[in-house]
Amino acid sequence: MPPPVTLAAAGVGAAAPNPEESAPWWTFVTLSWLTPFMRRAARGPLQFSDLFRLHHRFHANVVRERMEAYIAAQGLDPPGSDGDVEEDDDRKQKERAARVARALLFASFYVFPDLSAISLALHLFSAVGAVASPLILAYFLSYLDNPNPRYLGYVYATALLVAQLFMSFG
C-alpha cells in the first residue's frame, strides 16, 4: 500500500493559482475558465495534484466568520454558545428556531452578496422567459394565419429564441 499523500505533497497550496481569481467575467458565463482543467481530465484520470486551490472566500473559516458576524448582528447567539440554554417552554424554542432559520437564510445573502444577486437575476431571467415563451408562440401562430408584414415572423422567431435563452439561465 502506498504511503498516504499529504496536502503539501499533493500540490494543494502550490504556486499554481486558482483560475477563478484571474478569469475575466465573461468566462464565468461560458464556463470557459474550466477549459484547461477539462482538457487535463480528457487526457486521463485526474490526480489530486491536478485540482486547484479553493477560492479564498469559500474557505470554511472565512464563511464561518462572516456567518457568525451576521448572526451576532441580528442579536442571536450561535448554537452551542453560552446563551444557548435548554428551555422547558416549547413555544420559545420554536420561536428561536424560526428566528435562527430566518437569520441563516439571510446570512447566505450576506456572506455571498454578489453570487446571490447574480443567481437571483438569472432566476428572474428564467422566469421571464418561461412566461414570455408561450405568449410569443401564440403571437407567432396567429401571425402564420395572416403573414403581413413579412418581417414580423423574424421578429417573433428571434423573440422566441431570446426567451428560450433566458430560460436556460435558471
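The shown structure was predicted, so the numbers you read here are calculated from the model rather than taken from an experiment.
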Chemist: To the nearest 0.5 Å, what is the distance between CD on Glu20 and CG on Leu34?
Modeler: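 CG of Leu34 is found 8.0 Å from CD of Glu20.
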Chemist: Closest approach of Leu165 and Ser168, non-hydrogen atoms and distance?
Modeler: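 Nearest pair, atom of Leu165 first, then Ser168: O-OG, 2.5 Å.
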Chemist: Side chains of residues 104-111: which donor-acceptor pairs under 3.5 Å do they make with residues two or more places apart or in other chains?
Modeler:
unit_1 : atom_1 : unit_2 : atom_2 : d
Ser108 : OG     : Leu105 : O      : 2.6

Chemist: Side chains of Trp33 and Ser22: does their closest heavy-atom pair fall under 4.5 Å?
Modeler: no
Chemist: Donor-acceptor pair, Ser126 side chain versus Leu122 backbone, under 3.5 Å?
Modeler: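 Here the side-chain-to-backbone pair does not exist.
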Chemist: State the CZ-CZ distance between Phe58 and Arg53, to the nearest 0.5 angstrom.
Modeler: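 Result: 14.5 Å between the selected atoms.
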Chemist: Indicate the atoms forming the closest heavy-atom contact of Pro134 with Val131, along with that distance.
Modeler: CD-O, 3.4 Å
Chemist: So, for Glu21 and His56, which heavy atoms are closest and what is the spacing to 0.1 Å?
Modeler: OE2-N, 4.4 Å
Chemist: Among residues at least two apart in sequence or on other chains, which ones pass side-chain hydrogen bond (donor to acceptor under 3.5 Å, both in side chains) with Gln164?
Modeler: Ser133
Chemist: Under the rule for side-chain hydrogen bond (donor to acceptor under 3.5 Å, both in side chains), what residues qualify as partners of Arg64, not counting sequence neighbours?
Modeler: Glu68
Chemist: Would you list the atom pairs, donor with acceptor, under 3.5 Å between side chains in residues 113-120 and any protein atom, with sequence neighbours excluded?
Modeler:
unit_1 : atom_1 : unit_2 : atom_2 : d
Asp114 : OD1    : Arg57  : NH1    : 3.2
Asp114 : OD2    : Arg57  : NH1    : 2.6
Ser116 : OG     : Phe112 : O      : 2.7

Chemist: Looking at Phe125, I want to see if its CZ is surrounded by more than 12 non-hydrogen atoms of other residues, nucleotides or ligands under 6.0 Å.
Modeler: no
Chemist: How does the hydrophobic cluster around Leu152 look, that is, which other residues are in it when side-chain heavy atoms under 4.5 Å mark a link?
Modeler: Ile136, Leu137, Tyr139, Phe140, Leu141, Tyr143, Leu144, Tyr151, Val155, Tyr156, Leu160
Chemist: By ring pair (Phe, Tyr, Trp, His ring centres under 6.0 Å), which residues pair with Phe37, not counting sequence neighbours?
Modeler: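 In terms of ring pair (Phe, Tyr, Trp, His ring centres under 6.0 Å), with neighbours along the sequence ignored, Phe37 is linked to Phe52.
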Chemist: Looking at Tyr70 and Ala103, what are the two nearest heavy atoms and their distance?
Modeler: CE2-O, 3.3 Å
